[in-house]
Amino acid sequence: RPDQSGSYAPMHATLYLGWSRGAARQRYDFRSGKGARTASQIYLQSGAQQRRNESGAMVTVVPAKGECVCDTAIAGNMHIDSFAADALDPLQLPPEEGGLAYL
């Protein structure tokens, strides 16, 4: 656990979110200080993967280098209903039993 405040580099980015019963999607577009798109990361997780608490796919695109890489996503579920009764939450931990800290 960190014992002092961290520092964060400034970032120019846009986050897009989308979901349906069949899939959850996230997209990050990163831009230079001059506004040019430098990279994008796109995450897709199917409904079946969500129900199994499995990571989906992550696509990283770096246009200036002509690179496009597909890999397993680095995180688990996109919890769309995190602050309600989330059917995809495997713990179903009530707030009084640590659920709030868990979120």
Side-chain angles (χ1 to χ4, degrees):
R1 170 177 275 210
D3 58 2
Q4 56 186 313
S5 296
S7 60
Y8 298 88
M11 181 184 304
H12 300 277
T14 304
L15 168 63
Y16 303 90
L17 301 171
W19 57 88
S20 65
R21 293 187 82 163
R25 301 168 307 283
Q26 297 179 73
R27 177 181 175 143
Y28 299 86
D29 284 340
F30 301 97
R31 301 191 177 280
S32 70
K34 296 178 182 180
R37 184 170 62 103
T38 57
S40 293
Q41 280 192 320
I42 303 156
Y43 298 84
L44 176 64
Q45 185 179 40
S46 72
Q49 288 169 318
Q50 288 176 311
R51 288 186 292 281
R52 292 189 305 263
N53 201 27
E54 294 176 359
S55 296
M58 174 179 69
V59 178
T60 303
V61 180
V62 184
K65 294 183 177 182
E67 293 179 356
C68 181
V69 179
C70 187
D71 205 346
T72 302
I74 58 175
N77 279 351
M78 180 175 146
H79 289 283
I80 298 158
D81 297 316
S82 287
F83 298 102
D86 187 350
L88 299 175
D89 182 355
L91 293 182
Q92 297 294 321
L93 194 59
E96 63 275 7
E97 295 178 20
L100 187 58
Y102 164 70
L103 287 177

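Every heavy atom of this structure was used, including side-chain atoms; hydrogens, water molecules and symmetry mates were not.
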How many angstroms lie between [atom1] in [X] and [atom2] in [Y], if you round to the nearest 0.5 Å?
| X | Y | atom1 | atom2 | value |
| --- | --- | --- | --- | --- |
| Q26 | W19 | CD | CH2 | 9.5 Å |
| Y28 | Y43 | OH | OH | 6.0 Å |
| R25 | S46 | CZ | OG | 12.0 Å |
| L44 | S55 | CG | OG | 12.0 Å |
| M58 | I74 | CE | CD1 | 5.5 Å |
| H12 | F30 | NE2 | CZ | 12.5 Å |

For R27, salt bridge (Lys or Arg N to Asp or Glu O under 4.0 Å) partners two or more places apart: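 Counting only residues at least two positions away or on another chain, R27 forms a salt bridge (Lys or Arg N to Asp or Glu O under 4.0 Å) with D29.
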
Any donor-acceptor N/O pair, T60 side chain to Q41 backbone, under 3.5 Å: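 Looks like no, no N/O pair under 3.5 Å.
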
Test item: Q45 side-chain N/O and E54 main-chain N/O as donor-acceptor pair under 3.5 Å: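 Yes; at least one donor-acceptor contact below 3.5 Å.
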
Pairing residues for E96 by the side chain to side chain contact (heavy atoms under 4.5 Å, CB included) criterion, not counting sequence neighbours: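 With neighbours one apart ignored, the set is P94.
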
Minimum side-chain heavy-atom gap V61-V59 below 4.5 Å: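 V61 vs V59: side chains touch.
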
T38 versus V62, closest heavy-atom pair with distance: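 Result for this residue pair: O-CG1, 3.7 Å.
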
